[in-house]
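Below you'll find the structure, written out as structure tokens, and then a few comments.
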Amino acid sequence: MNTPAVRRVLLCAGIIVSLSMGIRHGFGFFLQPMTADFGWTREVFAFALGLQNLVWGLAQPFTGALADRFGAVRVLVVGALLYAAGLALMTVSSSGLLFSASAGLLLGLALSGSTYSIVFGVIGRAVPENQRSQAMGLASAAGSFGQFLMVPIEQQLIGGVGWINALLILSAMSLLIIPAARGLREAPLPVHAAGSQSVWAAAREAFRYPSFQMLMAGYFVCGFQVVFIGVHLPAYLKDFGLPASVAAGALALIGLFNVFGTYTAGQLGARFTKKYLLSFIYLARAVAITLFLLAPLSAWSVWLFAAVMGFLWLSTVPLTNGVIATIFGVKHLGMLSGFVFFSHQIGSFLGVWLGGWLYDHTGSYNIVWYISIALGVLAAVVNWPIQERAIARPAVQLA
């Protein structure tokens, strides 16, 4: 990872995911001002963000395949333009339907073209196999730093210039992805190299492989937990009378410790079996949520929980993608990563939407917290038997 080309790829990938992931990390701060101004229930807001995650995941295999085939730069440029448009249109989305179209559909498509699956394909092809986990950990850490950096910025923007102007400023900031994308240019890939595996053959192979199915099941749980907490934690804390500064501090701590967690996971993934690390992370999340609910609620208990969850937050990302690259190789990494991420986003949709729906119907988030604990234990069990080795291919599947 010491060559100028690899350093350029990692730097630009870090800038891109810092912007794309950092901006979306603060969407929870818009829940209360937007629902108050437009007279919505929390379910309306939660459904749109749930739709965003679902569209993001549904589109990700296709944008990943396009990036694998035509290069990441074109996909990133389109993703940045959609990101800017979606954020700007949120300011005039006065109905639930319009809000679902801007914050849900447009931003979901934008995120599918500007986040991890797109840049990891480039990284996987740019670095040697024994350094992939570390390189992906570095890129993930950069995205985590963006989350840490953007949380106070978004809170201050909403408080200082109002949520409408805040969204417009964020819209302009998202366009910075475009110049950063130039650093991810790759040499053109051959269209039909002799003996190469086709896109459809790669997809069929993956979906028939039990370990790929287990990765998808684990990533579903990851999405459910992190998006529920990221969107609903500020409202949950305010319901208990804690000031907004506590929630802002919590989301900032998640972003900060996420930097250390993803970097550490990438380093450990280069030395230890990744599937066991994944099982540990999911089980540790279940324990952390349980202790958070049992402990007396205070600013310090919230910040301690945020620090622990932050360390575990996206530490699954370099490990999961590293396992995919180990099993299937890197030619179709963007697409296969996208399929696993689709499962993550189904979980994200259910986590954020169920949080709003159950709150509106029960007046509490407790049931969703309990579901998060149970799913964490299940994910720890599911990841344990994954076969973390290159798949045996008796014959190469051609188109």
Side-chain angles (χ1 to χ4, degrees), residues 9-30 49 52-60 62-64 66-67 72-90 102-123 136 138-151 153-154 157 166-184 222-223 226-227 230-231 251 254-255 258-259 262 313-314 317-318 321 334 337-338 341-342 344-345 348:
V9 166
L10 291 177
L11 175 62
C12 293
I15 293 171
I16 290 165
V17 294
S18 291
L19 287 166
S20 59
M21 296 297 292
I23 290 172
R24 72 172 293 274
H25 191 59
F27 283 167
F29 289 120
F30 291 91
L49 291 200
Q52 174 193 111
N53 285 280
L54 194 60
V55 171
W56 180 4
L58 182 62
Q60 191 67 81
F62 301 100
T63 54
L66 288 171
V73 176
R74 296 176 183 178
V75 175
L76 287 165
V77 169
V78 173
L81 294 173
L82 289 174
Y83 213 142
L87 289 167
L89 289 173
M90 280 173 64
S102 59
L105 179 60
L106 279 181
L107 288 184
L109 291 172
L111 288 162
S112 76
S114 60
T115 47
Y116 292 113
S117 293
I118 305 301
V119 302
F120 278 171
V122 180
I123 292 172
M136 291 177 181
L138 286 170
S140 299
S144 304
F145 180 75
Q147 294 181 357
F148 166 69
L149 182 67
M150 290 305 299
V151 163
I153 290 176
E154 292 188 43
L157 284 174
L167 284 172
L168 293 175
I169 293 171
L170 294 174
S171 174
M173 290 179 64
S174 67
L175 293 174
L176 295 174
I177 291 172
I178 294 176
R182 293 177 59 85
L184 271 64
C222 179
V226 301
V227 177
V231 172
L251 292 185
I254 287 174
N258 199 3
V259 176
T262 50
W313 196 254
L314 293 182
V317 173
N321 285 274
S337 174
F341 187 73
F342 177 44
H344 181 284
Q345 295 308 90
S348 299

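In this text the structure is predicted, and so the values were computed from the model without any measurement.
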Using a 4.5 Å cut-off on heavy atoms from C-beta on, say whether the side chain of Val231 contacts that of Val227. yes
Which value, rounded to the nearest 0.5 Å, describes the distance between Arg74 atom CZ and Leu66 atom CG? 10.5 Å
Verify, without hydrogens or angle tests, whether Ser114 (side chain) and Gly79 (backbone) share a donor-acceptor contact under 3.5 angstrom. no
All heavy atoms of Gly230 vs all of Leu251, minimum pair found to be O-CD2, 4.1 Å
Are any side-chain N or O atoms of Gln52 and backbone N or O atoms of Ala103, one a donor and one an acceptor, separated by less than 3.5 Å? yes
Just do the side chain to side chain contact (heavy atoms under 4.5 Å, CB included) check on Ile23 and Ser174 with the steps written out, would you? CA-CA 8 Å; Ile23 290 172; Ser174 67; 4.0 Å; yes
Quick check: do Met90 and Leu170 have side-chain heavy atoms less than 4.5 Å from each other? no
Leu138 and Ile123: side chain to side chain contact (heavy atoms under 4.5 Å, CB included), yes or no, with the steps? CA-CA 10 Å; Leu138 286 170; Ile123 292 172; over 6 Å; no
Are Leu314 and Tyr116 side-chain neighbours, meaning at least one heavy-atom pair lies under 4.5 Å? yes
Show the numbers, then the answer: is there a side chain to side chain contact (heavy atoms under 4.5 Å, CB included) between Phe27 and Leu49? CA-CA 9 Å; Phe27 283 167; Leu49 291 200; 3.9 Å; yes
Under 3.5 Å: donor-acceptor pair, side chain of Tyr83, backbone of Ser20: yes
Side chain Ser171, main chain Ala84, donor-acceptor under 3.5 Å: yes
Leu19 side, atom CG; Arg24 side, atom CZ - distance, nearest 0.5 Å: 14.0 Å
I need the minimum non-hydrogen distance between Cys12 and Ala180, along with the two atoms involved. CB-O, 3.3 Å
How far apart are the closest heavy atoms of Leu175 and Ala80, and which atoms are they? CD2-O, 4.0 Å
Across all chains, not counting sequence neighbours, the ring pair (Phe, Tyr, Trp, His ring centres under 6.0 Å) partners of Phe341 are Trp56, His344
Can you check whether Leu106 reaches Leu87 side chain to side chain, under 4.5 Å on heavy atoms? no
Apply side chain to side chain contact (heavy atoms under 4.5 Å, CB included) to the pair Phe120 and Met136, showing each step before the final yes or no. CA-CA 7 Å; Phe120 278 171; Met136 291 177 181; 3.9 Å; yes
Answer yes or no: is there a donor N or O on one side and an acceptor on the other, between the side chain of Thr262 and the main chain of Val259, under 3.5 Å? yes
Looking only at non-hydrogen atoms, find the nearest pair between Thr63 and Ser112 and report the distance. OG1-O, 2.9 Å
From Leu157 atom CG to Met173 atom CE, the distance as rounded to the nearest 0.5 Å: 8.0 Å
So, taking the atom named CG in Leu105 and the one named CG in Leu109, what distance separates them when rounded to the nearest 0.5 Å? 5.0 Å
Spacing of CD1 belonging to Ile177 relative to CD1 belonging to Ile15, to within rounding of 0.5 Å: 11.0 Å
Output for pair (Asn53 CG, Leu111 CG), nearest 0.5 Å, gives 8.0 Å
Among Thr115, Ile178, Val122, Leu184, which residue meets the side chain to side chain contact (heavy atoms under 4.5 Å, CB included) test with Leu76? Leu184
